[in-house]
Colleague: 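Sharing a structure here in structure tokens format.
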Amino acid sequence: MPELPEVETIIRGLRRGVDGAPTIIGQEITGISLFWPKTLATHDPETVNRLLNGQKVLAISRRAKYILLELDKTFLVVHLRMSGDLRMAPDLGAEQVLPHDRFYLHFASGWGLAFNDARKFGRVWISPDPASILPKLGPDPLDPSLNAASFHEMLTSRGRQLKPLLMDQSFLAGVGNIYSTEALYAARLHPLQNSRYISLKEAKKLLQALRDVLEWGIAHNGTSIDWVYKGGDFQKYLKAYQHTGLPCERCGTPIEDLVSAQRRAHYCPRCQKLHE
DNA sequence: AGCATTACCCGCACGC
DNA sequence: TGCGTGCGGGTAATGC
């Protein structure tokens, strides 16, 4: 389910405990179960059991859309891709509890961490050095050290369509289709606008829009737009994403959509004009 | 040649 | 029932 707000919501739940489950922090691993072998990208199950057994979860965090579970001696790195989910559940046995459960971490407490993933795109890595697992990633839009001037420089030095550029994780890390669409709408920038001709003022507005949309999404526990992800309600506040044919909230013009880099983009043809 | 950008593709559930 | 679609990104292909 992952864009940054959904990943943040999942992490927050695991850290604080949710739906009667305890926090994941401090849980001691007693073993794993693996129902879809491709899920585990780095080792065979026997090696992983040996590597993880007896270790405790020290912390949970994220880098871009990657979830990092810090253990005593290594890291568990998780990417949920399109349809993955992580949940704490009691009494996870040797058989999967829900359809599409792919991987369990069993804890000494009797609770377990389940990795559920209908589309089988998600992956789990184990490494003492997460940086060696992660691909080249751009700055996080929520990182306060990213300022308008450097964002402007990033945009104008690239000469690419804004929509696919914002979703390029090596350019900016954590933004996907929903929140890039919403941010461009809020900033009144066309999804196909060439980034080379973005003004400083526009860059500042776009960065602020990205932050507003992401923070608002986090505050609403993410977006539950289809069967993939439940629990969030940010879909109630979307203004452009999947609004094709509906009137623009600002000017009443019907929202249109187009496809760029294999991904759909929704925009107001009147508010979001292309320019040099 | 070498870097930057784009297209294909991976399982599956869902809605028209 | 069949078919298009998709909250992602690695890798191959192509472009500059």
Side-chain angles (χ1 to χ4, degrees), chain A residues 1-11 35-39 41-42 62-67 77-86 96 98-103 115-125 132-138 141 154-185 191-196 210 213-214 216-218 220-245 257-266:
Chain A
M1 358 211 156
E3 279 191 50
L4 187 155
E6 291 74 35
V7 169
E8 282 281 341
T9 301
I10 289 167
I11 289 174
F35 308 115
W36 182 250
K38 284 180 72 173
T39 303
T42 44
R62 73 166 178 87
R63 172 76 177 100
K65 304 173 191 174
Y66 292 81
I67 296 170
V77 180
V78 178
H79 200 299
L80 303 172
R81 292 283 182 95
M82 292 285 272
S83 60
D85 189 20
L86 289 175
Q96 64 183 92
L98 290 183
H100 317 304
D101 277 350
R102 308 300 180 193
F103 181 90
F115 174 47
N116 188 282
D117 183 23
R119 293 180 68 178
K120 298 179 176 173
F121 289 167
R123 292 292 181 269
V124 175
W125 299 260
S132 68
I133 299 293
L134 303 179
K136 177 180 181 290
L137 293 167
M154 285 166 60
L155 289 164
T156 55
S157 65
R158 283 282 197 115
R160 260 178 95 181
Q161 296 177 340
L162 283 179
K163 185 64 172 21
L165 185 57
L166 292 178
M167 289 194 295
D168 182 338
Q169 302 300 296
S170 70
F171 176 78
L172 197 63
V175 181
N177 207 15
I178 295 177
Y179 298 93
S180 59
T181 295
E182 291 300 308
L184 288 169
Y185 175 86
L192 303 186
Q193 170 65 44
N194 188 319
S195 66
R196 189 170 307 283
L210 282 162
V213 159
L214 292 170
W216 200 13
I218 292 169
H220 285 273
N221 299 320
T223 304
S224 304
I225 206 70
D226 56 26
W227 58 275
V228 171
Y229 175 79
K230 315 284 183 215
D233 70 343
F234 190 59
Q235 66 276 10
K236 292 194 293 191
Y237 305 94
L238 297 176
K239 298 179 186 304
Y241 185 78
Q242 290 192 347
H243 278 221
T244 306
D257 66 71
L258 53 80
V259 174
S260 170
Q262 284 71 245
R263 310 304 295 275
R264 191 163 301 277
H266 311 78

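Computed from a prediction, not measured in an experiment: that's the story for all the values here. Computation of the quantities below employed the complete heavy-atom set of this structure, encompassing side-chain atoms and omitting hydrogens, waters and symmetry-equivalent molecules. So that the names make sense, note that chain A is the first sequence line, chain B the second, and so on, each numbered from 1.
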Colleague: Let me know which of A:His266, A:Lys163, A:Glu3, A:Arg264 forms a side-chain hydrogen bond (donor to acceptor under 3.5 Å, both in side chains) with A:Asn177.
Modeller: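 Testing each of A:His266, A:Lys163, A:Glu3, A:Arg264 against A:Asn177, the sole residue satisfying side-chain hydrogen bond (donor to acceptor under 3.5 Å, both in side chains) is A:Lys163.
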
Colleague: Give the rounded distance in Å between these two atoms: CE of A:Met154 and P of B:dA4.
Modeller: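 For the pair A:Met154 CE and B:dA4 P, the rounded distance is 14 Å.
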
Colleague: I'd like to know if the side chain of A:Asn116 pairs up with that of A:His100 as donor and acceptor (distance under 3.5 Å, no hydrogens or angles considered).
Modeller: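 Checked: A:Asn116/A:His100 side chains show no N/O donor-acceptor pair below 3.5 Å.
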
Colleague: Does the side chain of A:Pro5 reach to within under 4.5 Å of the side chain of A:Tyr179, using non-hydrogen atoms?
Modeller: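 Side-chain contact under 4.5 Å: yes.
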
Colleague: Measuring from atom OH of A:Tyr241 to atom OG of A:Ser180, what distance do you get when rounded to the nearest 0.5 angstrom?
Modeller: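 That separation rounds to 9.0 Å.
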
Colleague: Nearest whole angstrom, please: distance from the C1' of B:dC12 to the CG of A:Asn116.
Modeller: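 Taking atom C1' of B:dC12 as the reference, CG of A:Asn116 is at 12 Å.
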
Colleague: Distance between the P atoms of B:dG11 and C:dA12, in whole angstroms?
Modeller: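 Taking atom P in both B:dG11 and C:dA12, they lie 16 Å apart.
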
Colleague: Hey, is the main chain of A:Ala64 close enough, under 3.5 Å, to the side chain of A:Gln169 for a donor-acceptor pair?
Modeller: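 It does not hold such a pair.
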
Colleague: Is any side-chain nitrogen or oxygen of A:Lys65 closer than 4.0 Å to OP1 or OP2 of C:dG8?
Modeller: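 For C:dG8, OP1/OP2 do have a side-chain N/O of A:Lys65 under 4.0 Å.
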
Colleague: Answer syn or anti for C:dG4, where the cut-off is 90° from 0 on the glycosidic torsion.
Modeller: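 Because its glycosidic torsion lies more than 90° from 0, C:dG4 adopts the anti conformation.
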
Colleague: Whole angstroms only, please: what is the CD-C1' distance between A:Gln242 and C:dG4?
Modeller: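 Going from CD in A:Gln242 over to C1' in C:dG4 covers 14 Å.
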
Colleague: Looking only at the side chain of A:Lys120 (C-beta and beyond, no hydrogens), which of the listed nucleotides C:dG9, B:dG11, C:dC7 gets closest?
Modeller: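 It is B:dG11.
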
Colleague: When the distance from CD1 of A:Ile67 to P of C:dG9 is rounded to whole Å, what number comes out?
Modeller: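 These atoms are roughly 12 Å apart.
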
Colleague: Using atom CD1 of A:Ile178 as one end and atom C1' of C:dG8 as the other, report the distance to the nearest whole Å.
Modeller: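 Value for this atom pair: 12 Å.
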
Colleague: Just how far, in rounded Å, is P of B:dT6 from CE of A:Met167?
Modeller: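 Atom-to-atom, A:Met167 to B:dT6, this comes out as 11 Å.
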
Colleague: Within less than 4.0 Å of OP1 or OP2 of B:dC10, is there a side-chain N or O belonging to A:Lys38?
Modeller: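 For A:Lys38, the contact criterion (side-chain N or O under 4.0 Å from OP1 or OP2 of B:dC10) is not met.
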
Colleague: Measuring to OP1 and OP2 of C:dG6, would you say a side-chain N or O of A:Arg264 lies under 4.0 angstrom away?
Modeller: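 So the side chain of A:Arg264 is within the cut-off, an N or O lying under 4.0 Å from OP1 or OP2 of C:dG6.
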
Colleague: Mind checking the P distance from B:dC8 to C:dG4? Whole angstroms is fine.
Modeller: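 Pairwise P distance, B:dC8 against C:dG4, rounds to 15 Å.
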
Colleague: Is there a side-chain contact between A:His79 and the phosphate of C:dG10, meaning an N or O under 4.0 Å from OP1 or OP2?
Modeller: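 No.
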
Colleague: I'd like to check, for A:Phe121, whether its ring lies over the base of C:dG8 with centroids under 5.5 Å apart and a plane angle smaller than 30°.
Modeller: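 Yes, A:Phe121 stacks on the base of C:dG8, since the ring centres sit under 5.5 Å apart and the planes are within 30°.
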
Colleague: Is DNA chain C part of any stem, that is, at least 3 consecutive Watson-Crick or G-U pairs with both distances under 3.5 Å, and where?
Modeller: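 Output for stems: B:2-10 with C:8-16, B:12-16 with C:2-6.
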
Colleague: Can you find an N or O donor on one side and an acceptor on the other, under 3.5 Å apart, linking the side chain of A:Arg263 with the base of C:dG6?
Modeller: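 No such pair is found, so the answer is no.
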
Colleague: Answer with yes or no whether the side chains of A:Gln235 and A:Thr223 bring together a donor and an acceptor at under 3.5 Å.
Modeller: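 Short answer, no.
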
Colleague: Has A:Arg123 got a side-chain N or O lying under 4.0 Å from the OP1 or OP2 atom of C:dG10?
Modeller: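 Result: no.
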
Colleague: Using whole Å, what does the distance between atom P of nucleotide C:dG9 and atom CZ of A:Phe171 come to?
Modeller: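 To the nearest whole Å, that distance equals 15 Å.
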
Colleague: Heavy-atom nearest nucleotide on DNA chain C for A:Arg119 versus A:Gln169: which residue maps closer to 5'?
Modeller: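 The residue mapped nearer the 5' terminus is A:Arg119.
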
